[in-house]
Number of protein chains: 2
Amino acid sequence: MSITHPEIKEKRYRTSRILEDNDAIHLSVDCVIFGYDDDGLKVLLMESDMSEFRGKLSLVGDILQKNETLRQSAEKTLLSCSNLDNVYLEQVEAFSKIKRHPIGRVITIAYYSLLKISEHEITDKKQRMLRWVAIDEIEEMAFDHKEILDKCYATLQQKVRDYPIGFNLLPSKFSLKQLQEFYETVLCIKLDRRNFRRKLNSLDILIDLNKNQDDVAHLPAKLYSFNYAKYEKMIKKESFRFDI
Amino acid sequence: MSITHPEIKEKRYRTSRILEDNDAIHLSVDCVIFGYDDDGLKVLLMESDMSEFRGKLSLVGDILQKNETLRQSAEKTLLSCSNLDNVYLEQVEAFSKIKRHPIGRVITIAYYSLLKISEHEITDKKQRMLRWVAIDEIEEMAFDHKEILDKCYATLQQKVRDYPIGFNLLPSKFSLKQLQEFYETVLCIKLDRRNFRRKLNSLDILIDLNKNQDDVAHLPAKLYSFNYAKYEKMIKKESFRFDI
DNA sequence: ACAAAAGTGTTGACGATACACCCATGC
DNA sequence: GCATGGGTGTATCGTCAACACTTTTGT
């Protein structure tokens with residue numbers, strides 16, 4: 001790979017940090033940032049800044065710095081996209097195919113993160129082209145990022161069935177219908193309304209806010225919030241499975 | 001950290017490869033090799049070759065080479081311990097605490113592996129002090145290896161409940177009692193014999209070998225093997241959960 | 001004959017599924 | 001008054017848990 005080729009020069013500029021040592025193995029952290037609103041499940045993506053992938057969508061991420069852990073790097077990436085910290089964040093897998101990055105050997109650790117779109121304004125600090133893309137509209141991506149996204153989505157689906165992490169994606173006040181729609185959307189399934197409500201009732205982890213929707217052209221639904229404290233106690237006691 | 005100190009010299013010698021560039025972040029792959037026999041669940045460990053951890057137990061692993069994937073590195077480590085390849089191997093997590101390795105910044109990716117102790121002779125190719133250690137006798141370990149082991153064991157337990165990966169640990173011919181003991185040992189639970197047998201019967205993934213134990217001082221048990229082909233078909237059809 | 005483990009059935013409780021009608025609100 | 005979505009109950013089925021006695025073999 002000649003360093004005099006103009007495309008390579010561009011790459012050298014944009015990703016200079018990882019080119020300091022051509023023989024080394026480099027490490028990056030990529031984030032699959034899932035967001036949810038009434039339109040469905042979306043992922044925060046940027047347009048790739050590499051000429052090989054011009055126009056292609058890419059995950060947000062960064063090269064790992066020497067004085068930070070993988071999680072800290074992911075948190076920095078989150079902060080660079082939106083002003084919020086304290087969002088749900090979980091490591092998924094390391095991807096290490098030899099040729100996955102065109103300019104050298106880069107191994108990436110994937111994290112996924114969950115947030116409520118309506119409550120987190122995107123304020124990109126790195127002049128990237130960030131935008132929310134509906135999960136089922138994402139086709140080709142830069143690098144092996146589609147593979148990473150697919151793996152993270154599968155992990156999210158698994159996790160959502162076993163633990164109530166969906167409450168990181170839903171607004172803090174929600175109706176049972178919204179909750180059901182969330183599960184139907186994320187898991188791509190249909191649920192029976194009455195059975196779903198009975199299930200949630202028996203789990204006893206919602207707080208009845210004694211409030212109703214307003215401004216809706218029909219019977220206003222009751223609003224609930226998630227009882228984190230109660231849930232924490234439950235998982236400590238036994239082999240608890242949320243099991244939606 | 002002075003390089004003239006004799007202990008440091010020893011470390012430099014033994015781990016010379018990862019000291020070539022003191023400023024870089026280095027990558028290793030560590031393997032939690034689980035083995036099982038009638039005595040229970042064990043892990044293949046070595047005595048640490050680092051003076052800081054003299055006498056402490058350590059996972060086996062290696063520095064990642066530039067021309068190999070993480071999985072290939074793990075497979076190489078497995079081959080260096082025992083002549084077998086084609087063993088169950090799965091990535092678990094990357095560990096990246098800043099001070100986890102005394103001689104520099106080393107991030108490690110943990111894999112766990114499953115094998116039948118009786119069918120895999122240990123033939124160490126690197127003159128380490130390898131031995132099988134019962135899982136409940138492992139206390140202190142070198143580096144953060146205890147933390148890594150604990151995480152891998154938790155992952156194994158989770159996985160064993162959902163998928164029949166236990167058949168990688170059991171002998172290829174086994175009795176229902178052996179199978180039940182396996183689940184009881186690995187999951188640290190007690191199971192009802194009749195309910196367990198009914199469960200396995202209903203799953204219909206065992207092959208009745210029409211053979212019995214011999215040389216036992218009691219009614220000889222029937223022997224079974226696992227029907228991999230049938231299981232593969234099952235998981236493709238629906239949302240299958242083994243659910244022991 | 002005895003010790004040791006193999007093998008076998010029934011019941012009751014609970015949770016999952018399937019399904020249809022009335023109610024409150026905004027327009 | 002009508003369109004829209006909210007809210008509720010019951011019957012059936014399958015699955016899980018609890019439980020004790022008889023059989024076969026080697027010594």
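Please read these numbers as outputs of a predicted model, since none were measured by experiment. So you know, we letter chains A, B, ... as the sequences are listed, proteins then strands, and number each from 1.
The phosphate of D:dC16 has OP1 or OP2 within less than 4.0 Å of a side-chain N or O from B:K199.
With rounding to the nearest 0.5 Å, the separation of CG in B:L149 from OG in B:S58 is 11.5 Å.
The nearest whole Å value for the distance from the CD atom in B:Q213 to the P atom in C:dA6 is 7 Å. Atom CG of A:D192 and atom P of D:dT10 are 16 Å apart (whole Å). For B:L203 and D:dG14, the CG to P distance is 17 Å, given to the nearest whole Å. In this entry the distance linking CG of A:L200 with C1' of D:dG6 reads 15 Å, nearest Å. The separation between A:L191 atom CG and C:dC19 atom C1' is 16 Å, rounded to whole Å. Spacing between atom CG of B:D243 and atom P of C:dA16 amounts to 12 Å, rounded to whole angstrom units. Atoms CD1 (B:I189) and C1' (D:dA17) sit 13 Å apart, rounded to a whole Å. The distance between atom CG of B:N212 and atom P of C:dA6, rounded to the nearest whole Å, is 12 Å.
Ranking D:dG6, C:dA6, D:dA17 by closeness to the A:L219 side chain, first place goes to D:dG6. The side chain of B:H218 approaches D:dT25 more closely than any other nucleotide in the set D:dT25, C:dC19, C:dG7. Taking only side-chain atoms of B:R198, from C-beta outward, the nucleotide of D:dT8, C:dG9, D:dC16 with the closest atom is C:dG9. Side-chain atoms of A:P220 lie closest to C:dT25 of the nucleotides D:dG7, C:dT25, C:dC19. Taking the side chain of A:N195 as heavy atoms from C-beta on, and the options C:dG7, C:dT17, D:dA17, the nearest nucleotide is C:dT17.
Comment: B:K151 does not engage B:E147 in a salt bridge, judged by the lack of any side-chain N to carboxylate O separation of less than 4.0 angstrom. Ion pairing between B:D39 and B:K42 holds under the 4.0 Å rule for side-chain N and carboxylate O. Ion pair A:D192/A:K199 not flagged as a salt bridge, since none of the NZ, NE, NH1 or NH2 atoms sits closer than 4.0 Å to an Asp/Glu carboxylate oxygen.
One cannot find a donor-acceptor pair under 3.5 Å joining the base of C:dA5 and the side-chain atoms of B:R193. Remark: the B:R194 side chain and the C:dA6 base include no donor-acceptor N/O pair separated by less than 3.5 Å.
Side-chain contact between A:M46 and A:C81: absent, with no pair of heavy atoms (C-beta onward) separated by less than 4.5 Å.
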